[in-house]
There are 2 protein chains.
Amino acid sequence: MSAYKNSVCFNEARRVAIFGGTHGNEMSGVTLVNLWVKNSAEIQRKGVETKPFIANPKAVEKCTRYVDTDLNRAFSPENLSAPGGDDLPYEVQRAQEINRIFGPKGSPEAYDVIFDLHNTTSNMGCTLILESSKDHFNLQMMNYIKKAITPASCLVLLNEHPLLKYSTSRSVAKHPVGLEVGPQPQGVLRSNIFEAMRVILKHALDFIELFNEGPVCNTLETLLAEMEYKFIGMEFPPCTVEVFWVSERIDYPRDANGNIIAMVHPNLQDCDWEPLNPGDPMFQTFDGKTIHYQGSGTVYPTFINEAAYYEKQQAFVTTRRETLVASAIRKA
Amino acid sequence: MSAYKNSVCFNEARRVAIFGGTHGNEMSGVTLVNLWVKNSAEIQRKGVETKPFIANPKAVEKCTRYVDTDLNRAFSPENLSAPGGDDLPYEVQRAQEINRIFGPKGSPEAYDVIFDLHNTTSNMGCTLILESSKDHFNLQMMNYIKKAITPASCLVLLNEHPLLKYSTSRSVAKHPVGLEVGPQPQGVLRSNIFEAMRVILKHALDFIELFNEGPVCNTLETLLAEMEYKFIGMEFPPCTVEVFWVSERIDYPRDANGNIIAMVHPNLQDCDWEPLNPGDPMFQTFDGKTIHYQGSGTVYPTFINEAAYYEKQQAFVTTRRETLVASAIRKA
């Protein structure tokens with residue numbers, strides 16, 4: 001009966017959004033959100049308002065990643081406060097609009113949770129992407145989902161890095177959660193990827209409902225609540241969560257004109273999340289030479305050979321595998 | 001010594017082109033052609049002028065399939081003779097330009113062979129695409145390549161159909177050959193797909209060199225030639241070639257507004273070239289219902305869930321497996 005004493009307290013998550021089509025050619029999220037806009041029964045949870053939302057409708061219509069600029073990098077303070085109206089790039093206008101509906105980013109009025117649904121051409125399986133190692137609500141959610149989908153698995157990518165930070169659509173919410181499922185080519189809908197994403201979302205929404213119905217932080221209220229919710233709510237005691245923490249961005253080898261001169265090595269291709277050790281093959285030049293990884297220790301590469309990252313000069317990212325401790329959480 | 005009597009005679013194939021980037025986001029062909037433009041040693045063959053050529057440079061620059069319209073459907077008589085100059089869609093202008101350089105289509109001045117390099121998101125492996133069951137030069141080439149790459153394999157798709165015929169870039173040549181290798185997402189370069197394409201091209205060019213150096217049709221010349229080329233040229237006696245002959249185009253199930261309501265069934269996804277029998281699962285609706293194949297007999301589906309064919313209302317094509325007989329060929 002003392003677990004709550006060391007609990008971190010969060011407001012109930014009453015307002016939840018599910019974004020599809022932040023990138024208009026990532027078809028699982030586009031399709032799921034379009035389905036749920038027509039019929040939301042599947043995403044309804046007691047006491048939660050869940051809003052399915054197409055984030056970049058013009059890009060969805062054209063089945064392209066974006067029209068003017070990457071929406072998922074557009075939610076910077078500069079963009080969100082930029083004057084210019086219709087003269088701004090389409091995605092900057094759209095970021096401002098999304099920030100008005102679901103934010104303002106960083107304010108108490110912002111949505112509690114935004115799930116942003118993405119696909120990748122990389123062989124990443126189901127990946128949940130977090131932006132903070134200190135958001136115990138999200139860490140508890142990761143723990144819940146990982147257990148709920150067993151024996152299937154999903155991994156957690158932690159994109160918390162002073163230099164590689166980018167301003168995502170989901171960053172408007174108090175608890176931003178990216179969901180990245182692959183491999184799936186751009187513009188293609190695969191049933192296995194579609195169903196995997198759907199299952200993760202189901203468990204994520206279940207977690208929110210259980211949290212909202214669970215015991216509260218305040219001592220007296222806790223006692224009352226525990227009597228009342230005994231068979232409904234759920235405790236979230238401290239736990240650990242394995243994450244892959246983004247470390248470094250690795251570009252393709254290029255010539256003096258910026259042209260790519262090598263491909264991801266066949267030994268690395270499709271081996272997202274597997275250890276890459278110093279000396280392991282990393283790239284293969286067009287004339288058959290192998291380029292080896294020269295880092296100082298073992299890393300775990302991911303987003304290997306993602307189509308959309310050629311223009312971002314990124315062949316893959318390296319990560320470190322770490323175990324985070326999540327505090328117990330209770331509702332405030 | 002009588003094989004030549006029943007031989008079909010073709011002119012030597014002296015002018016050969018290799019097109020990459022007919023679709024600007026199919027990266028194996030784009031990359032190979034760009035390499036060969038810089039250094040053509042690999043594609044040089046004795047007595048053959050081989051020209052590597054980026055067919056749609058604007059689409060390559062944007063890494064998109066096309067700019068205004070699909071170049072690989074643009075080589076119709078109407079387009080090739082259309083007035084309008086700069087007012088025409090970009091790809092129609094480009095088709096006219098390509099027809100001037102490598103054609104005119106259907107004329108004696110046209111290039112002998114055009115290889116057009118494509119990638120698909122479908123699990124098709126190495127596929128050679130022909131447009132005529134009566135082109136014995138190409139059929140002999142298929143036979144040669146299939147034998148040369150053993151134990152690897154490549155299949156032959158015959159796109160000869162009165163209703164599904166389209167006007168390809170390669171159709172400008174006397175002997176058009178499409179090379180389609182997958183699975184590879186659009187905008188991605190995979191080393192395995194790249195190398196597979198490169199090997200097929202090597203054998204295709206070897207075939208042309210051997211044909212050019214082989215015995216001639218004319219009786220007297222044959223005797224002389226056989227003495228001269230005994231250890232250089234090669235006979236191409238009659239042979240059989242297994243082809244998959246395009247039969248029918250199957251669209252995704254759609255609602256009254258044209259929206260897709262089902263995905264390729266997991267039992268069919270990635271099963272290009274495998275038999276599909278009446279009653280087999282074909283699609284899966286978003287609410288989990290299975291739609292079965294209702295045809296009257298066994299077909300062999302291919303181009304299953306190709307990204308670029310959503311806009312063409314095509315989930316896959318069915319084919320019939322047939323064995324064609326190729327006559328002996330000799331140079332005229």
Side-chain angles (χ1 to χ4, degrees), chain A residues 25 27-28 30-32 34-36 38-39 41-42 62-65 119-123 182-196 198 252 255 257 259-270 281 283-288 290 304-311 315, chain B residues 25 27-28 30-32 34-36 38-39 41-42 62-65 119-123 182-196 198 252 255 257 259-270 281 283-288 290 304-311 315:
Chain A
N25 55 8
M27 299 309 292
S28 305
V30 170
T31 307
L32 281 170
N34 277 331
L35 281 178
W36 293 332
K38 279 187 209 146
N39 181 352
E42 184 178 339
K62 291 171 186 257
C63 197
T64 185
R65 185 173 174 89
N119 292 122
T120 173
T121 64
S122 305
N123 188 27
Q184 182 171 270
Q186 297 174 345
V188 166
L189 185 67
R190 289 179 62 98
S191 56
N192 60 331
I193 303 294
F194 177 88
E195 296 299 347
R198 195 172 196 169
Y252 297 90
D255 66 16
N257 300 317
N259 297 313
I260 287 173
I261 57 169
M263 306 168 280
V264 169
H265 193 279
N267 289 18
L268 178 59
Q269 177 70 51
D270 302 328
F283 295 109
Q284 182 175 287
T285 66
F286 297 133
D287 50 358
T290 296
I304 298 172
N305 211 359
E306 155 60 40
Y309 291 168
Y310 279 75
E311 68 174 22
Chain B
N25 55 9
M27 300 309 292
S28 306
V30 171
T31 307
L32 281 170
N34 277 332
L35 280 179
W36 292 333
K38 279 186 208 147
N39 181 353
E42 183 178 339
K62 292 172 185 257
C63 197
T64 186
R65 184 173 174 89
N119 292 121
T120 172
T121 64
S122 305
N123 187 28
Q184 182 172 270
Q186 297 173 344
V188 166
L189 185 66
R190 289 179 61 97
S191 56
N192 60 331
I193 303 294
F194 177 88
E195 295 299 347
R198 195 173 195 169
Y252 297 89
D255 66 15
N257 299 318
N259 297 313
I260 287 172
I261 57 168
M263 305 168 281
V264 169
H265 193 279
N267 289 20
L268 179 58
Q269 177 71 50
D270 302 327
F283 295 110
Q284 182 175 287
T285 65
F286 297 133
D287 50 359
T290 296
I304 297 171
N305 211 1
E306 156 60 40
Y309 291 169
Y310 279 76
E311 69 173 23

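A note on names: the letters A, B, ... follow the listed sequences, proteins ahead of strands, and every chain is numbered from 1. Source: prediction; values computed, not measured.
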Please flag which part of B:Gln184 lies under 4.5 Å from any non-hydrogen atom of chain A: side chain, backbone, both or neither.
-> neither
Contact class of B:Phe286 relative to chain A, heavy atoms under 4.5 angstrom = both
Under 4.5 Å from any heavy atom of chain A - which part of B:Asp270 | side chain
Contact class of B:Gln186 relative to chain A, heavy atoms under 4.5 angstrom | both
Would you give the length of the straight line joining atom CD of A:Glu195 to atom CD of B:Gln284, rounded to the nearest 0.5 angstrom?
-> 5.5 Å
Please list, chain by chain and in numerical order, all residues satisfying side-chain contact (heavy atoms from CB on, under 4.5 Å) with B:Asn267, sequence neighbours excluded.
-> B:His265, B:Pro281
Which bit of B:Leu35 comes within less than 4.5 Å of chain A, counting heavy atoms only: side chain, backbone, both or neither?
-> side chain
Residue list, salt bridge (charged side-chain N to carboxylate O under 4.0 Å, His left out) with A:Glu42, at least two apart or on another chain | A:Arg198
Given that the side chain runs from C-beta out, which part of B:Asn192 has a heavy atom under 4.5 Å from chain A: side chain, backbone, both or neither?
-> neither
With a 4.5 angstrom heavy-atom cut-off, could you sort out which part of B:Thr31 is near chain A: side chain, backbone, both or neither?
-> side chain
Which heavy-atom pair separates B:Val264 from A:Ser191 by the least distance, and what is that distance?
-> O-OG, 3.6 Å
Contacting region of B:Tyr309 [heavy-atom separation from chain A under 4.5 Å] | neither
